[in-house]
Amino acid sequence: MLITSLVALLAIFILNVVFGMYYKFGYKHYWFFETLHFLGGFFVAMFFSNFFQSPVMILAGVGSVIFLWEAAERLVAKIPRLAKYIKKVSGQKNIMPGRGDTVLDVFLGLAGALVFIYLFI
């Protein structure tokens, strides 16, 4: 499952960057990024299941990754040169995620992890 989870996470990242941001698919179809957050939680849980057997430890690992990802989203928006580049590539005027977006991302990531735990642990 380690290789499967790593390949899936890489594919999700590429889908996010290429289709979601560059081709603006995610901005035209709101469900695209939501699906990627859910699948990200699922496959990060799959990754951590290779190292931990405890559902609590898997959820703690997923929670840590979600926290780091959401912090990185906010940090990118606060670095002027990086924010300018992301705005140019994505065609958005504001890239700072709102509170509702962050809460939804956390919920979807944890939901994906819980589905994995329910099905495989």
Side-chain angles (χ1 to χ4, degrees):
M1 281 213 261
L2 179 63
I3 300 299
T4 303
S5 62
L6 290 174
V7 169
L9 288 169
L10 180 62
I12 289 170
F13 184 75
I14 291 170
L15 278 171
N16 182 26
V17 172
V18 174
F19 291 103
M21 292 177 66
Y22 188 74
Y23 290 115
K24 299 176 181 66
F25 185 82
Y27 301 107
K28 295 175 185 172
H29 306 284
Y30 72 92
W31 52 265
F32 181 74
F33 289 130
E34 292 171 2
T35 303
L36 292 182
H37 276 87
F38 178 85
L39 291 174
F42 184 91
F43 288 111
V44 168
M46 182 186 289
F47 174 79
F48 281 117
S49 73
N50 291 289
F51 306 103
F52 307 115
Q53 298 304 313
S54 166
V56 173
M57 290 302 294
I58 293 170
L59 282 174
V62 171
S64 298
V65 170
I66 290 171
F67 174 79
L68 291 172
W69 185 266
E70 295 302 320
E73 281 184 357
R74 290 189 172 275
L75 184 63
V76 164
K78 291 186 180 207
I79 299 173
R81 293 180 102 185
L82 198 49
K84 183 179 177 182
Y85 174 74
I86 297 295
K87 286 177 186 178
K88 179 182 167 189
V89 170
S90 68
Q92 286 189 305
K93 293 180 182 174
N94 181 15
I95 62 169
M96 178 62 82
R99 184 175 296 149
D101 176 63
T102 300
V103 169
L104 181 61
D105 292 351
V106 170
F107 173 78
L108 290 169
L110 291 175
L114 289 170
V115 168
F116 175 81
I117 289 168
Y118 176 75
L119 294 175
F120 297 103
I121 301 295

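Excluded from the calculations below are hydrogen atoms, water molecules and symmetry mates; all remaining heavy atoms, backbone and side chain alike, are included.
- Ile79 and Tyr85 fall within a single hydrophobic cluster, where Ile, Leu, Val, Met, Phe, Trp and Tyr side chains are chained together by heavy-atom contacts under 4.5 Å.
- Environment of CZ in Phe107: sparse, with no more than 12 heavy atoms of neighbouring residues, nucleotides or ligands closer than 6.0 Å.
- Atom-to-atom distance recorded for Ile14:CD1 and Leu9:CG is 11.0 Å, nearest 0.5 angstrom.
- Inter-residue side-chain proximity for Phe116 and Ser49 is flagged as met; some heavy-atom pair is nearer than 4.5 Å.
- Following chains of ILVMFWY side-chain contacts shorter than 4.5 Å, one can reach Met1 starting from Ile117, so the two form part of one hydrophobic cluster.
- For the pair Phe47/Val65, no side-chain contact is recorded, criterion being any heavy-atom separation below 4.5 Å from C-beta on.
- The closest side-chain heavy-atom distance from Phe48 to Leu59 is not below 4.5 Å.
- At most 12 non-hydrogen atoms from other residues, nucleotides or ligands lie less than 6.0 angstrom from OH of Tyr30.
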Take Val7 and Phe43 through the side chain to side chain contact (heavy atoms under 4.5 Å, CB included) test and state the conclusion after the steps. CA-CA 9 Å; Val7 169; Phe43 288 111; over 6 Å; no

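- The side chain to side chain contact (heavy atoms under 4.5 Å, CB included) search around Glu73 returns His37, Trp69, Glu70, Pro97, Asp101, Asp105, not counting sequence neighbours.
- Clustering ILVMFWY residues whenever any of their side-chain heavy atoms sit less than 4.5 angstrom apart, transitively, puts Val103 in a cluster other than the one holding Leu110.
- Remark: Gln92 CD to Lys24 NZ distance equals 9.5 Å, nearest 0.5 Å.
- Note that the CD1 atom of Ile86 and the CD1 atom of Ile95 stand 6.0 Å from one another [nearest 0.5 Å].
- For the pair Ala83 and Ala77, the tightest heavy-atom approach, listed with the atom from each and the gap, is CB-O, 3.7 Å.
- Here the closest non-hydrogen pair linking Ile121 and Pro55 is CG2-CG, 3.9 Å.
- Separation of atoms CG (Leu108) and CG (Leu39) is listed at 10.0 Å; rounding is to 0.5 Å.
- Side-chain contact between Phe42 and Met46 is present, with at least one heavy-atom pair separated by less than 4.5 Å.
- The heavy-atom pair separating Ile12 from Gly40 by the smallest distance is CD1-N, 3.8 Å.
- The CG atom of Asn16 sits 6.5 Å away from the CZ atom of Phe32 when rounded to the nearest 0.5 Å.
- Considering CZ of Phe38 and CG of Leu114, their distance stands at 9.0 Å, rounded to 0.5 Å.
- In terms of hydrophobic clustering, with Ile, Leu, Val, Met, Phe, Trp and Tyr side chains grouped at heavy-atom distances under 4.5 Å, Leu6 and Val44 are assigned to a common cluster.
- Under the 4.5 Å side-chain contact rule for hydrophobic residues, Leu119 and Phe52 share a cluster.
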